[in-house]
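Numbered from 1 within each chain, the chains take letters A, B, ... in sequence-line order.
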Amino acid sequence: MNLNWTDAFNNLVPSLLQGVVVVLQTTISSFLIAVVVGLLVAICRLTQLKIVKYFFATIVEIVRGTPLLVQLFYIYYVVPLILDSILKSMGNSSANIQFSAVAAGIAGLSINYGAYISEVFRSAILSIDEGQKESGLALGFTYYQVLWKIIIPQAFTNSIPVLGNYLVMMIKDTSLLAIISVSELLLRTQTYASQTFETIESYTILAVVYLLLSLPLSQLMKLFEKKMKILH
Amino acid sequence: MEETMMSVRSISKSYGSNLVLKDVSMNIKKGEVVCIIGPSGSGKSTFLRCLNLLEIPTAGDIIFQNQSILNGKIKVNKYRQSVGMVFQGYYLFNLKKVLDNITMAPRSLNKKKKELAEEEACELLNKVGLLEKKDVYPVSLSGGQKQRVAIARALAMNPELLLFDEPTSALDPELVGEVLKVIKKLANDGMTMIVVTHEMGFARDVADRVIFMEGGYIVEQGTPSEIFENPQNLRTQEFLARIL
């Protein structure tokens with residue numbers, strides 16, 4: 001077997017570094033949006049209003065019941081077509097809607113992870129002792145003050161280890177964005193490998209880059225978990 | 001000790017068809033210390049929780065400082081600011097240091113300045129004997145210390161009335177004394193208090209009036225000596241015989 005590691009390394013890595021920037025940008029923005037979406041959905045699902053509750057429960061089930069890859073396709077290819085035909089039926093014939101691949105990717109990741117993260121928050125909020133709520137109410141806080149000042153900070157802190165897990169997963173899931181032409185790591189590797197036939201070298205380097213991205217994060221999470229244990 | 005602070009008028013509370021409080025009435029005067037005793041499941045805690053509307057009575061009325069708190073005209077959260085409550089399970093806020101546990105409500109509800117709130121919190125901590133713990137997190141406190149912080153936290157809102165729901169029932173026996181001592185000190189300072197308790201010695205010692213509840217009713221009430229030395233009702237006699 002004739003492997004050309006130096007060549008692969010010298011030519012692929014600079015391109016992958018640009019890919020890393022793309023991965024980090026999409027991950028960070030998607031994750032922040034997902035956390036906010038997840039929190040809001042969790043709160044909506046915990047209200048007394050049955051319509052709101054069941055509406056979001058249904059959405060979460062739909063998102064969790066379909067693959068992320070399908071959702072990405074749907075957002076990137078299908079949604080613009082639907083919007084187009086709606087606009088055309090309203091008489092706007094020049095409409096030609098198209099999302100940028102990165103925007104569609106961020107939307108897909110945010111919605112998909114938002115659904116899962118909402119479940120994390122929901123169970124974390126439910127797991128906070130009822131007494132915390134009551135002692136807040138007894139001090140004179142309103143229900144919403146109790147929720148935002150007492151319950152959610154505790155639920156959020158308790159969720160951080162699981163959120164960290166999702167963050168690491170999301171970094172790896174950005175590879176799915178290759179299929180809607182975001183030039184992240186996988187697409188760059190694929191392109192390089194198909195041009196040079198340095199398949200073994202390219203994909204090995206790719207795997208190592210993913211590891212280098214996710215390992216420090218999981219270590220950081222472990223450290224944080226240890227620190228939080230002191231408070232419980 | 002003549003001004004009536006709170007007047008409870010024939011309140012009942014039911015969960016579905018389960019009636020847990022039946023036509024309970026009582027008055028509490030300013031500065032009075034009332035202890036409520038009785039077997040578990042007798043409705044003592046439910047009664048106490050009705051007083052600050054953690055449970056809403058299904059019938060009857062509660063008058064606090066000449067105003068009904070059940071007619072929907074008062075803001076429940078404002079009312080609760082003047083009625084503190086201490087729970088069996090302490091329920092300190094784990095993520096906040098002891099001092100911040102105490103200053104949180106005054107700062108965010110009364111918009112008190114940080115320095116002033118902390119100064120007052122330190123005074124309160126000093127009162128409950130825990131000033132040296134002001135910068136630690138609740139997790140490092142013993143049960144008795146947590147409960148004393150919880151008392152300081154309730155006091156920080158300057159309540160007119162303080163409710164205690166079995167404040168020592170979750171404590172190891174050797175820690176009960178330090179908490180009761182703090183409550184006793186408050187009684188001596190003239191704080192108006194209603195204490196649900198299983199500590200008969202404490203009730204006899206500190207209460208101006210003892211109420212015996214069973215089966216959702218107030219069975220008997222009187223001064224500690226009336227209740228403990230000369231109970232009139234058969235149920236009271238049986239209960240006291242069982243536990244003393």
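Applying the 6.0 Å contact sphere to OH of A:Y203 captures more than 12 heavy atoms from other residues, nucleotides or ligands. More than 12 heavy atoms of other residues, nucleotides or ligands shown are found within 6.0 angstrom of NZ on B:K13. The neighbour count for A:L212 CG, taken as heavy atoms of other residues, nucleotides or ligands under 6.0 Å away, is above 12. Dense packing is recorded around OH of B:Y15, with more than 12 heavy atoms of other residues, nucleotides or ligands lying under 6.0 Å away. The 12-atom threshold is not exceeded at CG of B:N66, counting heavy atoms of other residues, nucleotides or ligands nearer than 6.0 Å. Heavy-atom neighbours of B:K112 NZ from other residues, nucleotides or ligands within 6.0 Å: above the threshold of 12. Summarising the local packing, OH of A:Y77 is surrounded by more than 12 heavy atoms from other residues, nucleotides or ligands at distances under 6.0 Å.
A:E134 is listed as a side-chain neighbour of B:R49, based on a closest heavy-atom distance under 4.5 Å. A:Q145 is listed as a side-chain neighbour of B:L109, based on a closest heavy-atom distance under 4.5 Å. The side-chain heavy atoms of B:N77 and A:L137, taken from C-beta on, include no pair separated by under 4.5 Å.
A:A138 approaches B:M85 most closely through the heavy-atom pair CB-CB, 3.9 Å. Heavy-atom minimum distance, B:S108 versus A:F141: OG-CE2, 2.9 Å.
Side chain of A:Q132 to main chain of B:L92: a donor-acceptor pair is present (N/O by atom type, distance under 3.5 Å, no hydrogens or angles).
Both the backbone and the side chain of B:R153 have a heavy atom closer than 4.5 Å to some heavy atom of chain A. Of the atoms belonging to B:V76, not a single heavy atom falls under 4.5 Å from chain A. Heavy atoms closer than 4.5 Å to chain A are found in both the backbone and the side chain of B:F93.
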Full working for side-chain contact (heavy atoms from CB on, under 4.5 Å) between A:L139 and B:Q81: CA-CA 6 Å; A:L139 282 169; B:Q81 291 175 17; over 6 Å; no
